[in-house]
Amino acid sequence: MVSCPGTSFYSRPTDVVARDLVGKKLVRMLKLDDRALRLSGIIVETEAYGHSDDAASHAHIGRTARNTVMFGDIGRAYVYFAYGNHFCVNVSARANRAGAGAVLIRGIEPVEGIDVMKQFRPVGDAFSLTSGPGKLTEALNITSLLNGVDMTDARSELHVEHGAKPRKVIATPRIGITSATEKSWRFIDPASPFVTRKIKIKV
DNA sequence: CGCTCGATATTCT
DNA sequence: GAATATCGAGCGA
């Protein structure tokens, strides 16, 4: 019996959830050519996104067709298409008072099914296989078809499991946003090479 | 190495 | 019509 973080885990402020997700395992199960495959990796980089308190969040302007999952049940996958090229995957979470929120998964360390990941994402450099939000969704074959799946259920095609070891975590400013840049809501395992290296700081 | 810039679709104004 | 929670090619040093 595999254990997954449940609704009590995701029912906290998103920055707390984001910090605790580092070291957990992201698991993708799928069928390919009639074979059941299991791909997974340890989460090493996340970012928290809030609601009305966070101008950089998709939920800041209120509920829309795209961000509905951020306002619905917690522990669900929020998958969206960015820049016309890439998918990004989040887990919905929020404290009881907040109206919406999610945690973006920005980087993982591959554990299971690495050969299959390389089929989905052929790349020479091992580090660039899953070191970035658009990269890991390609390696794990995550698309908007998975939007809304229950990530607290070990039977889901996409879910989160407890990791083997706790990791050291540090907070930094978030990447790729132009507002609310003062919040240190990005959380990384500084020892892992699978984190975004370049940090842009916009003024 | 590091920086600039174009690709490309969905969303919102 | 503008902006975007990105990536990687191309260029110069």
Side-chain angles (χ1 to χ4, degrees), chain A residues 10 13-19 21-22 26 41 43-72 74 76-94 98-108 110 117-148 151 158 160 169-188 193-203:
Chain A
Y10 297 104
T14 48
D15 58 318
V16 177
V17 176
R19 176 180 287 273
L21 272 175
V22 176
L26 181 68
I43 298 170
V44 294
E45 177 174 358
T46 63
E47 278 179 7
Y49 286 89
H51 183 210
S52 48
D53 60 325
D54 182 8
S57 172
H58 287 170
H60 183 245
I61 57 173
R63 187 178 191 140
T64 66
R66 175 174 66 167
N67 66 24
T68 296
V69 173
M70 292 182 78
F71 291 80
I74 57 178
R76 302 299 178 112
Y78 170 41
V79 183
Y80 69 92
F81 199 50
Y83 294 103
N85 288 308
H86 309 283
F87 291 101
C88 293
V89 61
N90 300 248
V91 192
S92 62
R94 63 172 169 274
V103 175
L104 172 67
I105 298 175
R106 291 191 54 93
I108 64 173
M117 293 186 203
K118 286 177 178 170
Q119 287 180 35
F120 287 126
R121 179 174 164 77
V123 57
D125 176 13
F127 288 157
S128 86
L129 185 61
T130 55
S131 60
K135 300 176 188 176
L136 70 91
T137 52
E138 185 178 15
L140 298 183
N141 194 33
I142 295 171
T143 70
S144 54
L145 293 175
L146 294 172
N147 194 44
M151 298 185 75
L158 183 66
V160 173
V169 181
I170 65 172
T172 81
R174 292 175 289 183
I175 292 181
I177 56 170
T178 54
S179 51
T181 52
E182 77 285 352
K183 292 183 192 304
S184 285
W185 277 7
R186 170 174 175 254
F187 301 93
I188 63 173
F194 290 85
V195 299
T196 306
R197 287 132 191 291
K198 183 161 38 170
I199 302 182
K200 299 175 192 166
I201 298 185
K202 293 214 172 185
V203 208

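Each chain gets a letter, A, B and so on, in the order its sequence line appears, and its residues count up from 1.
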Closest nucleotide among B/dC12, C/dC7, C/dA5 to the A/Tyr49 side chain = C/dA5
Assess the side chains of A/Arg106 and A/Thr196: does a donor N or O sit below 3.5 Å from an acceptor N or O?
-> yes
Has A/Arg186 got a side-chain N or O lying under 4.0 Å from the OP1 or OP2 atom of C/dA5?
-> no
Excluding sequence neighbours, so at least two apart, what forms side-chain hydrogen bond (donor to acceptor under 3.5 Å, both in side chains) with A/His51?
-> none
Reckon A/Ser128 has a side-chain N or O less than 4.0 Å from the OP1 or OP2 of C/dG8?
-> no
Integer-rounded Å distance: B/dT11 P and A/Ile61 CD1 = 12 Å
Please state whether the phosphate of C/dT6, meaning OP1 or OP2, lies under 4.0 angstrom from any side-chain nitrogen or oxygen of A/Arg174.
-> no
Would you tell me if any nitrogen or oxygen in the side chain of A/His86 comes within less than 4.0 Å of OP1 or OP2 on C/dC7?
-> no
Between A/Lys183 and A/Asp54, is any pair of side-chain heavy atoms under 4.5 Å apart?
-> yes
Under 3.5 Å side-chain donor-acceptor pair for A/Ser92 and A/Arg76 = no
Decide yes or no on side-chain contact (heavy atoms from CB on, under 4.5 Å) for A/Val91 and A/Leu104, but give the supporting numbers first.
-> CA-CA 7 Å; A/Val91 192; A/Leu104 172 67; over 6 Å; no
Between A/Arg66 (CZ) and B/dA9 (C1'), how many Å, whole number?
-> 11 Å
Interatomic distance where CD belongs to A/Glu138 and C1' belongs to C/dG8 [whole Å] = 12 Å
Are the ring centres of A/Phe87 and A/Tyr80 closer than 6.0 Å?
-> no
Between atom CD1 in A/Ile188 and atom C1' in C/dA5, what is the gap in whole Å?
-> 17 Å
Please answer whether B/dA7 and A/Tyr83 are stacked, defined here as ring centres separated by less than 5.5 Å and planes angled under 30°.
-> no
Gap between atoms CZ and P, on A/Arg63 and B/dC12 respectively (whole Å) | 13 Å
Flag the pair A/Val103 / A/Asn90 as yes when at least one side-chain heavy-atom distance between them is below 4.5 Å, and no otherwise.
-> no
Quick one: A/Asn147 CG to B/dT11 P, roughly how many Å, whole number?
-> 11 Å
So, is A/Thr64 close to the B/dC12 phosphate, meaning a side-chain N or O under 4.0 Å from OP1 or OP2?
-> yes
Sugar-phosphate only, base, or nothing, as touched by A/Ala56 at under 4.0 Å among non-hydrogen atoms = base
Is there a donor and acceptor pair closer than 3.5 Å between the side chain of A/Asn85 and the base of B/dT8?
-> yes
Expressed in angstrom and rounded to an integer, what is the separation of A/Leu129 atom CG from C/dG8 atom P?
-> 11 Å
Would you mind classifying the nucleic acid contact of A/Phe81 as base, sugar-phosphate or nothing, using non-hydrogen atoms under 4.0 angstrom?
-> sugar-phosphate
Pairing of DNA chain C as dot-bracket, 5' to 3': ( ) intra-strand, [ ] crossing, | other strand, . unpaired, with Watson-Crick or G-U pairs under 3.5 Å?
-> ||||.|||||||.
A/Arg174 to A/Tyr49, cation-pi by 6.0 Å centre distance and 45° axis angle | yes
For A/Leu104 and C/dT4, give me the distance from atom CG to atom C1', rounded to whole Å.
-> 13 Å
